[in-house]
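Read the numbers this way: they start at 1 and go in the same order the structure lists the ligands and their atoms.
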Amino acid sequence: MREYRVGIVGAGGAVGQEMIRVLEKSPLPVAELRLFATERSAGRRLRFRGQEYVIETTDPERFAGLDFALFSAGGGPSRQLAPEAVKRGVVVIDNSSAWRMEPNVPLVVPEVNGAVLSEKGAYAEAKLIANPNCSTIQMVMVLKPIHDAARIKRVVVSTYQAVSGSGHKAVVELEEQTKAYVEGREAENQVYPHQIAFNVLPHIDKFDETGYTAEEWKMIRETQKILDDETIQVTATTVRVPVYRGHSESINIETDKKLTPGEAKKVLAEAPGVVLLDDPPVNLYPMPITAAGRDEVFVGRIREDFSVANGLNLWVVADNLLKGAATNAVQIAGYMVEKNLL
Ligand SMILES: NC(=O)c1ccc[n+]([C@@H]2O[C@H](COP(=O)([O-])OP(=O)(O)OC[C@H]3O[C@@H](n4cnc5c(N)ncnc54)[C@H](OP(=O)(O)O)[C@@H]3O)[C@@H](O)[C@H]2O)c1
């Protein structure tokens, strides 16, 4: 069996660290692993499948010889470095928002639209595949089976997003603010514009002139691209909550055809990568602590929206660092290996 030479760019970060762990557990045959970050992490030693690897600084010349690279270093570095990797014959699977809406870059959740990778011309031209936004990934995992069953007309989503979604620094900030608060000291904030411990911020990424944030526009536009249907109307409010790991979403869906909660549960229970946890009388519903460390997307609280003709409400939770980032990226690589696309 062919073995692959793999790079991870951003290997010292919140997602990069998970990429190493997810790749280690995956069946992907890895002949060589190269880890890249900035001088901050360079020299750090990490174990992968029993061998020790050292994080290097990211010099594009060092990409030569890799088969594919998982990028998770942010939009700016990706804009600069991904073309350098592609130029050297490396297929890039990028976790930032830099390339997602480029027309020739496939935006992929394998269970939902993996088939676009096989379409002639799609990724063949760009050699770059984009991993969607974490909140979008978990939402489309449940929208797709419902869309196939009843055609979705409109989605209203409100998110409750964990601080690890803002990277390692935000995790440390929540921890330090919590300690300061409990000890009666003033809590300092650097990552967020306000204190996040014991607070909720209706603000993720930058605001634009419409009053929406970039995160909200990502959920709208990426959903339409992944489901390949611009007629689906989506509106979003994205909110940061003081949770370490696991994004939650309250999703209201209007469909063309009537889908009862029972029918929706059946469709979702059969959806690949989705776990139905829905038994309110015994307090069974997904929570961030349910999803943390798990690769699947969890759904519950499925009920009829009685305010419209064909409406459903549901609650979706997933680990933002896993299915929202690292797991999805490694699954894209796995899909491409399986389909002989690499
Ligand atoms: N966190 C999530 O839940 C999540 C989910 C989906 C997508 N994403 C996206 O994934 C990306 C990474 O997020 P994160 O949360 O892992 O951030 P993070 O914890 O801040 O880690 C960023 C990593 O990128 C490296 N890096 C920064 N600039 C670089 C450069 N110029 N060249 C090479 N490496 C560079 C950093 O190096 P050092 O280690 O040396 O500092 C670090 O290893 C972002 O685009 C983010 O939007 C994150």
Ligand 1 to S41 polar contact by distance, N or O atoms, under 3.5 Å: yes
Worked check of side chain to side chain contact (heavy atoms under 4.5 Å, CB included) between D278 and L314: CA-CA 10 Å; D278 198 6; L314 39 85; over 6 Å; no
Ligand 1 atoms in contact with G324 (distance to a heavy atom under 4.0 Å): 5 (C), 6 (C)
Validation row: N328, P110 side chains within 4.5 angstrom (heavy atoms): yes
Whether F63 and F36 hold their rings parallel, tilted or perpendicular, with breakpoints at 30° and 60°: perpendicular
C134: numbered ligand 1 atoms lying under 4.0 Å from its heavy atoms: 5 (C), 6 (C)
Where ligand 1 meets L321 - atom numbers and elements under 4.0 angstrom, heavy-atom basis: 1 (N), 2 (C), 3 (O)
Ligand-residue contact atoms, ligand 1 with G10, heavy atoms, under 4.0 Å: 23 (C), 24 (O), 25 (C), 43 (O)
Heavy-atom nearest neighbour in the protein, as seen from atom 8 (N) of ligand 1, with distance rounded to 0.1 Å: N95 ND2, 3.4 Å
Nearest-contact summary for atom 48 (C) of ligand 1 - protein heavy atom, Å: V15 CG2, 3.5 Å
Among E215, E216, E222, salt bridge (charged side-chain N to carboxylate O under 4.0 Å, His left out) partner for K218: E215
Shortest protein heavy-atom distance from atom 41 (O) of ligand 1, along with the residue and atom involved: R40 NE, 2.8 Å
Per-atom contacts of ligand 1 with L81, taking only distances under 4.0 Å to non-hydrogen atoms: 32 (N)
N or O pair under 3.5 Å between G16 and ligand 1: no
The one among N133, T38, I55, T58 that brings a heavy atom closest to atom 40 (O) of ligand 1: T38
Parallel, tilted or perpendicular, as decided by the 30° and 60° cut-offs, for the rings of W315 and Y160: perpendicular
Distance-only side-chain donor-acceptor flag, T136 / R100, under 3.5 Å: no
Nearest neighbour in protein (non-hydrogen) for atom 19 (O) of ligand 1: A14 N, 2.9 Å
Derivation of the salt bridge (charged side-chain N to carboxylate O under 4.0 Å, His left out) call for K258 and E304: CA-CA 10 Å; K258 179 96 188 160; E304 184 159 356; 2.6 Å; yes
Closest approach of any protein heavy atom to atom 43 (O) of ligand 1, naming residue and atom: G13 N, 2.9 Å
Derivation and outcome, side chain to side chain contact (heavy atoms under 4.5 Å, CB included), residues K225 and M101: CA-CA 8 Å; K225 178 167 176 175; M101 296 311 295; 4.2 Å; yes
Salt-bridge criterion met for E263 and K257 (N-O under 4.0 Å): no
4.0 Å protein heavy-atom contact status of atom 26 (N) of ligand 1, strictly under: yes
Selected option - heavy-atom contact closest to atom 3 (O) of ligand 1, from N320, L35, D205: N320
Top protein contact for atom 1 (N) of ligand 1, by heavy-atom distance: S164 O, 2.8 Å
Numbered atoms and elements of ligand 1 in range of G74, under 4.0 angstrom, heavy atoms: 11 (C), 44 (C), 45 (O)
Ligand 1 atoms in contact with G12 (distance to a heavy atom under 4.0 Å): 39 (O), 43 (O)
Short side-chain donor-acceptor distance under 3.5 Å, D229 and H147: yes
Short side-chain donor-acceptor distance under 3.5 Å, N313 and D305: no
Ion pair R88/E84, N-O distance below 4.0 Å: yes
Selection from A325, A73, S78 by shortest heavy-atom distance to atom 5 (C) of ligand 1: A325
Those atoms of ligand 1 less than 4.0 Å from some heavy atom in S96: 45 (O)
Top protein contact for atom 15 (O) of ligand 1, by heavy-atom distance: G167 CA, 3.1 Å
Steps toward side chain to side chain contact (heavy atoms under 4.5 Å, CB included) verdict (W99, S78): CA-CA 9 Å; W99 306 97; S78 178; 3.0 Å; yes
Which residue and heavy atom of the protein sit nearest atom 11 (C) of ligand 1, plus the separation: S72 OG, 3.5 Å
S97, A329, P77, G246: member with heavy atom nearest to atom 28 (N) of ligand 1: P77
Protein non-hydrogen atom found under 4.0 Å from atom 46 (C) of ligand 1: no
Parallel, tilted or perpendicular, as decided by the 30° and 60° cut-offs, for the rings of W217 and Y212: tilted
